[in-house]
Amino acid sequence: VQTGAIDKLGAHPLPGFLAKGIPVSLATDNLTVSNVSLSEEFLTAYTTFDLTNDQLLSIALAGFEHAFLPLGEKRQLIKDTRSKLSDLLA
């Protein structure tokens, strides 16, 4: 919406991407550019598209899996995220 690629957030193809198994990640610009945090982006996606916990986890992990980081760092971020989220959701 901010970039003008779509008219309204509900028109975003994110749910279709998830349904087709296309990796999705969320990101944001510097707060001084977009005035939105990554936490806010996750909350917006969750509330707009009624995402499940599994879908949110998939989105978070995709961000790490496709990050420009050494493989070892990616694996550690994924492991830590899975562990922390399983504790939160238990």
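Sequential numbering from 1 along the given sequence is applied to the chain's residues. Here the structure is a predicted model, which means the values were calculated and not measured.
Judged by distance alone, the side chain of Thr47 and the main-chain N or O of Thr44 form a donor-acceptor pair under 3.5 Å. At least one donor-acceptor pair under 3.5 Å links the side chain of Ser86 to the backbone N or O of Ser83.
With sequence neighbours left out, Glu73 forms a side-chain hydrogen bond (donor to acceptor under 3.5 Å, both in side chains) with no residue at all. Remark: Thr32 engages Asn30 in a side-chain hydrogen bond (donor to acceptor under 3.5 Å, both in side chains) (not counting sequence neighbours). Ser25 meets the side-chain hydrogen bond (donor to acceptor under 3.5 Å, both in side chains) test with no other residue; sequence neighbours excluded. For Gln76, the side-chain hydrogen bond (donor to acceptor under 3.5 Å, both in side chains) partners two or more places apart in sequence, or in a different chain, are Asp80. Not counting sequence neighbours, the partners of Thr28 by the side chain to side chain contact (heavy atoms under 4.5 Å, CB included) test are Ser34, Val36, Leu38, Glu41.
A pairwise comparison of heavy atoms in Leu9 and Phe49 identifies O-CZ, 3.3 Å as the closest pair.
Annotation: the span from Ile78 atom CD1 to Lys74 atom NZ amounts to 8.0 Å, rounded to 0.5 Å. The CG atom of Leu14 sits 9.5 Å away from the OG1 atom of Thr48 when rounded to the nearest 0.5 Å.
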Name the atoms and distances for all side-chain donor-acceptor pairs under 3.5 Å in residues 54-68, with sequence neighbours left out.
residue	atom	partner	partner atom	Å
Gln55	OE1	Thr52	N	2.8
Gln55	OE1	Thr52	OG1	3.4

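Within a 6.0 Å radius of CG in Asp50, no more than 12 heavy atoms belonging to other residues, nucleotides or ligands are found.
Within the 4.5 Å cutoff, the side chain of Asn53 has no heavy atoms near those of the Leu85 side chain. Using a 4.5 Å cut-off on side-chain heavy atoms (C-beta onward), Leu77 and Leu69 make contact.
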